[in-house]
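Below, each value reflects all heavy atoms present in this structure, side chains not excepted, and no hydrogens, waters or symmetry copies.
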Amino acid sequence: MKMDRRGITALPIKLLIITTIVALSLPMIMDAVDTNDDMINTEHMESESRKIVNAATATYYSMNGATKIIEISVPEDCTMILGGYGDDAYGIHMYCGTELMSQQWFEKPILSFTNISVISDDCVLSITTVDKRIEVTAL
């Protein structure tokens with residue numbers, strides 16, 4: 001590298017260009033990181049909702065009134081709502097903050113929740129199926 005006048009004046013211009021490129025790229029990088037976090041949380045909650053659906057299906061095909069105990073882990077700042085009113089009684093709704101990230105529905109057998117349950121953090125659930133209805137109790 002030559003140490004002359006051109007090298008000294010070109011350095012601040014190169015630094016300005018690099019700083020501008022980094023400043024323009026930073027919002028896109030941060031958005032990609034946030035999107036990645038949301039995708040990881042959604043995948044985790046979908047996995048946990050499949051645990052609930054599988055446990056409910058297993059108790060349904062067992063004798064009437066059978067109970068299954070499962071452990072559920074919901075990511076921080078996320079919630080799972082089991083059941084609801086009308087058609088929502090047949091589904092599990094997964095939220096991160098206030099945004100609906102995913103839904104899981106009972107297909108075969110078609111089972112509905114007896115009440116609305118909100119799950120956040122880690123918990124242990126007791127799942128009982130009686131006459132095509134699922135009763136969920138936190139232990």
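- Between the side chains of T137 and S126, no donor N or O sits under 3.5 Å from an acceptor N or O.
- Counting only heavy atoms from C-beta outward, the side chains of K132 and P109 never approach each other to under 4.5 Å.
- Put simply, the side chain of Y90 does not reach to within 4.5 Å of the side chain of E107, judged on heavy atoms.
- Atom CD1 of I92 and atom CD1 of I119 lie 7.5 Å apart (nearest 0.5 Å).
- Within a 6.0 Å radius of CD1 in I110, other residues, nucleotides and ligands contribute 12 heavy atoms or fewer.
- The shortest side-chain heavy-atom distance between L111 and W105 does not fall under the 4.5 Å cut-off.
- In this structure a side-chain-to-backbone donor-acceptor pair under 3.5 Å is missing from S47 to E43.
- We find the CD1-OG1 distance between I81 and T79 to be 5.0 Å, quoted to the nearest 0.5 Å.
- Within a 6.0 Å radius of CG in N36, other residues, nucleotides and ligands contribute more than 12 heavy atoms.
- Taking all atoms of both residues into account, the shortest heavy-atom contact from H93 to G83 is CD2-O, 4.1 Å.
- Nearest heavy atom pair, residue G91 against residue F113, reads O-CE1, 3.5 Å.
- Considering all non-hydrogen atoms of both residues, I127 and T59 come closest at O-CG2, 3.7 Å.
- Hydrophobic clustering places I116 together with Y95 (ILVMFWY residues linked when any side-chain heavy atoms are closer than 4.5 Å, directly or through intermediates).
- Between atom OG1 of residue T57 and atom CD1 of residue I52 there is a gap of 11.5 Å, rounded to the nearest 0.5 Å.
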- Query: Yes or no on side chain to side chain contact (heavy atoms under 4.5 Å, CB included) for C78 and M94, after CA distance, side-chain angles and deciding distance?
  - Reply: CA-CA 7 Å; C78 296; M94 294 156 262; over 6 Å; no
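- Here the closest non-hydrogen pair linking L125 and A138 is CD2-CA, 4.1 Å.
- Neither L26 nor I18 shares a network with the other; the hydrophobic side chains, linked directly or stepwise wherever heavy atoms of I, L, V, M, F, W or Y lie under 4.5 Å apart, form separate groups for each.
- Atom CD of Q103 sits in a crowded spot, with more than 12 heavy atoms from other residues, nucleotides or ligands closer than 6.0 Å.
- Between T42 and M101, the closest heavy-atom pair is OG1-CE, 3.3 Å.
- Residues L100 and V118 fall within the same hydrophobic cluster, defined by Ile, Leu, Val, Met, Phe, Trp and Tyr side chains chained together at heavy-atom separations under 4.5 Å.
- Both I70 and Y61 are part of a single hydrophobic cluster, where members link through side-chain heavy atoms under 4.5 Å apart.
- With hydrogens and angles disregarded, no donor-acceptor distance shorter than 3.5 Å links the side chain of D31 to the backbone of P27.
- Here S102 contributes atom OG and M45 contributes atom CE; the two are 7.5 Å apart, rounded to the nearest 0.5 Å.
- Placement of M28 and V22 in two distinct hydrophobic clusters is found when ILVMFWY residues are connected by side-chain heavy-atom separations under 4.5 Å, directly or transitively.
- The shortest heavy-atom contact between S73 and H44 is O-NE2, 2.8 Å.
- In summary, the side chains of T128 and E135 do not present any donor paired with an acceptor at a separation below 3.5 Å, with no hydrogens or angles considered.
- For E48, the salt bridge (Lys or Arg N to Asp or Glu O under 4.0 Å) criterion is met by K51, not counting sequence neighbours.
- Interatomic distance, Y60 OH to I134 CD1, rounded to the nearest 0.5 Å: 11.0 Å.
- Distance check: R133 CZ to N115 CG gives 8.5 Å after rounding to the nearest 0.5 Å.
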